[in-house]
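Here's the structure, in C-alpha cells; my notes come after.
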Amino acid sequence: MAPELAAIGIVKRYGSLVANDHVDLAVERGEVHVVMGENGAGKSTLMSILYGMQAPDEGRILLLGSEVRYRSALDAIAEGVSMVHQAFKLFNSLTVWENVVYGCEPQRAGFVDRAAAITKVGALAQRYHLGVDPSAIVGRLSVGVRQRVEILKALHRDARILILDEPTAVLTPQERDALLAVIRNLTASGRTVIFVTHKLHEAMAIGDRVTVLRDGRVAASMTTKETSPSEIIRAMIGRAVNLMVEKGPAKLGAAVLKVDSLTVQRAGRPAVDRVSLAVRAGEIVGIAGVAGNGQTELIEALTGLLPPDQGRVEIAGHDVTRRDVEQHRRAGLAYIPEDRAATGAAPEASAADNLAMGYHRAPPLARRGLLDHRALAAHARRLIARFGVRIGSEADEVGSLSGGNLQKLVVARELSHEGPLLIAEQPTRGVDVGATEFIHRLLIAERDKGRAILLVSAELSEIMALSDRILVMFEGRVLADVPGTEADEETLGFLMAGRIREAA
Amino acid sequence: MSALTFRRPSRIPAAPLAIVIGVTVGALLILASGGNPLTAYWAILIGALAPASLPDALNWAVPLVGMTLVAALPLRGGLVNLGGDGQLVIGGLVAALAPLYLPALAPGIAAAVAIVAAMVASGLYASLAAWGETRLGVPMLISSLLLSYPAVGLTSYVVGFPLRDTTTGLAQTVMIPRAARLATIFGPLNIGLILMAAVALLAVFYDRRTAGGYELRMRGLNARFAGYGGVRLASQTVRVMFASGAVAGLVGAIIVLGSQFRFHDGALIAPGYTWSGLMAALLAGGEPLGAIGAGVFFAALQTGGFAMQRETSIPRVLTMVLQAVIILFLAIRHGVTRRSR
C-alpha cells in the first residue's frame, strides 16, 4: 500500500545554500514519524514544503500515492495536512471555538452557527481527551492548552496528517507528557503525526520511526525499536569522512585558562550552569555536546562578548572576569569564532583590513596611532601566502571568498597572535575536506608549540580526533571530563543525551 | 556556484548618474512650468561659480560642509546623529555669550576661547545622546533627535528673555565686541573658511591614516566584527559623538563670530544646513572626502538657486527638488542592490 505521505527527492536552495538536498521521506498511516536534526539541518524547510508554505525547487510530494502540487498552505489543508507551528497562530482575545472554526465555520442562513460550532468543538475535544473548554478565552489559557487548541483546529479541518514543529519546546514536563498522550490518541484513531524535535528521549518515547537530517540530507531513517540513542546522535552529528589526525602525546604546561563556577543566565534560566574547567598549555580540550546546550554562551562569556552572571575567568594569570573583549585579548586570547562572516570578518572590507584587526594599534602596522598602509599590505600578503588563502590580492574584498578560504583567512589572523590561549569554535564548519585537514594540522602544531586550545565543535569526529581531553556539555553543565584516548562514540553519545548512567 | 559571486556595483558611478537624472527631472519641471531650463541652469552656474559670486558660495559652503562632517563622522561607523540642529545652536549661543560675559581678552584670543568653548559645549551635548544609547539603551537615532528640540527651545528662551538685547525688540543677544570677531580674509570671507578646511582635512586624514579611523570604518562595515576584534564600541560611540558635536559647535561659532556677530534666535537653523549636510553625508555613505565633495556641490547648488531666483522667475525651491531627486534616486539604487544580494 502507498504511504500516507511521501516526499521524493525534495531540493530547496536559498542562493548558494542548499537547505534540502534530495530529501526522501515516507510516512505510513497511523504512525508517529519523528524528524530530527540539529539547527540548520533543514527540518523547518522540509516541513514548510510539506505544508505548502514553500514550493520545492525539485522533487515531488505524494499523498496516498498520488502527486499533489500545493499553491499555498490552503491547498495542503484541503488535502488533510495541518501544521502546528512553534509560535501559535491564535487570536488571544477570542474564544476557543471561535479560533477553532475560523476559516471553516459551520453556517446557517449565512451566519455563523454558534450553537453548532460550540457543540462540535466540544465533542472533538472530548473524543481526543483534550480537556479544553470551547467557551474559554484563548489568551487566558496556559501554553500547553493553547497548543491543544491548535491541534483542535487541525482536527476540525479533519486533518489526516498533523505536523508538529518542535511542539515540546515551550512545554513543562507535565504538559509534555499530556501532549504525548494526546498524540497516542490521535494515531490510535488512524491519524498520522510528523513530530519535529531535536530531543532524543522524546523521539525514543513517542516515535515509531525516525528520520534524521544533517546538512540538508537524510542521514538515516530507522525504526525506533531497532535503534539506539547513540546511533541517532551519530547520524545527527557524525560525518561520513573519518578524520584521522596524527598527533603525539601532549606536553602539558601550566594552566592558561582557568574557569571557576561560571554561570550565564539567559531568558531566566542558566544557559551556563556553574561550569569549572581548566586548559593547560600544550593541550587541546574539546567541548562536545548537541548544539544549544550552552556552548555558545560559554564561549561568549570566556571571550568577553557576554558578561557572566557569576564565577571567575582567568587567562594566563590575569583575572578577566566581566572585562571587555580588548582586555581578554590583551591577556592573551586568540579566538576563531563560530560564524566567520557575521563575526570573524567584515565581508565588504579588504583582506588587508580584515587581517589587520587586532594588530592595528601597535608596530609594525601602526606607530603612535598612525597606520602604515604599506606594512598593512605586507602583513596581509605574508599571512595569505603562509596560510594559502586563495585570493587575487590583499586589496580585494573578502566577501567574495569561498567558505573555506574565508575561514583560512580568519584562522590565519588569529593563529598569528602570539597569545597563549586559542579558542576555536566550529573551526571547520562548512569548510571543504582539504581546508579541514589543513586547519586540523595547524591546530595540532599550535598545541605542540605550547598553546592552550579550547575547541568547540558540533562534529563529534573532530572533537575525538583533536582533543587531549573531552568535556561533555549538557543543559549548561559539564557532565564529564574524559581523556581523549579513552573516549568512544557510544559513551560520548550517551553523555551528550544527558544519560550519565548508561555512559558509566 | 562560487563562480557566481555577486559583486555590488561600485558606488562611484552612481552619484554622477543620480545627478544627471536629477538635472533632467529638474529640466522637465522647468519646461512644464513654462520656463527655459537652459537659462535657469546657466543662472545657477553663474550664481555659484562666477568670480563675483564665488565668495558667497564659499561662505555658504563653510557651514554646510561643517554640518556634512557632523553627520558623516558617526555615519562612517554606522551611527546616525540627527541632533545637528541642537548641537549647532548650543555652539552658536556659547560662542556669543563667551565674549559677552567673560573678561575682555586680546583680539584673536577672545575668538579662540569662544570657539573652543562652543566646541566643548556642543561636543558634550552630543555625547549625551551617545550615553543615552550606551548606558540606557535608547537608540541614538532617537536620543540625538529628541535632545535637539530642548536645545533649540532653551537657546530660544535664553535670548528671548534673560539675555535678550532689549534695545532691538528681537530675540537676540547684544552684539559681540570686535575683539571676538573672526578676522576677514577679503570681502565677506573670514578665517572660518580656513578653520573648516583644516577640520575637513583632519577628518579625511583621521579616516584614512589613523588606527582610530580604521576602527570606525570596520565598525561601519560590521559592528560585530569590530567588537570581536577588541574595539570598545561604547566608548567609541561617545568619542565619535563628541567629535561630531564639536564640529557642529564650530559651525555655530563661525557663523556667530564671523558673520552675524550675535546669536539671533532661529538664524542658525533656518537655512537647513543640518539636513542638507545629512543628505550629503548619506550620499557618500559617510566616506569623508566624498561627503565633503557632496556638501560643496549642494552648497553651490543652493547658492546658485538664490541667483536663479533673482535672475529668472523660477523659484529657488527648484534646487531643493534637484537635491531631493538625486538623493531619492541613490536610495532606490541602493535598495534594489540590497534586495538582489
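The sequence lines fix the lettering, A, B, ..., with proteins before strands; numbering per chain opens at 1. Side chains are part of it too, since the values below use all heavy atoms of this structure and drop only hydrogens, waters and symmetry mates.
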>> Please report the interatomic distance CG(A:L370) to CZ(B:R208), rounded to the nearest 0.5 Å.
In response: 15.0 Å

> Would you say the side-chain atoms of B:Y228 pair up with the backbone N or O of A:T303, donor to acceptor, closer than 3.5 Å?
Replying inline: no

> Under a 4.5 Å heavy-atom cut-off, does chain B meet the side chain of A:R368, its backbone, both or neither?
Replying inline: neither

> Within 45° of the axis and under 6.0 Å from the centre of the six-membered ring of B:Y214, does NZ or CZ of A:R361 qualify?
Replying inline: no

> Side chains of B:E215 and A:M357: does their closest heavy-atom pair fall under 4.5 Å?
Replying inline: no

>> With a 4.5 angstrom heavy-atom cut-off, is it the side chain or the backbone of B:R232 that approaches chain A, or both, or neither?
In response: side chain

> How far apart are the closest heavy atoms of B:L221 and A:A346, and which atoms are they?
Replying inline: CB-CB, 4.0 Å

> At their closest point, which heavy atom of B:A211 faces which heavy atom of A:H360, and how far apart are they?
Replying inline: CB-O, 3.4 Å

> What part of A:A334 is in contact with chain B, defined as an atom under 4.5 angstrom from a non-hydrogen atom: side chain, backbone, both or neither?
Replying inline: neither

>> If I take atom CZ from residue B:R224 and atom CG from residue A:D339, how far apart are they, to the nearest 0.5 angstrom?
In response: 7.5 Å

> A:N354, A:V325, A:D353: which one forms the most heavy-atom pairs within less than 4.5 Å of chain B?
Replying inline: A:D353

> Which bit of B:F205 comes within less than 4.5 Å of chain A, counting heavy atoms only: side chain, backbone, both or neither?
Replying inline: side chain

> Between A:T343 and B:N222, what is the shortest heavy-atom contact and its length?
Replying inline: N-ND2, 4.4 Å

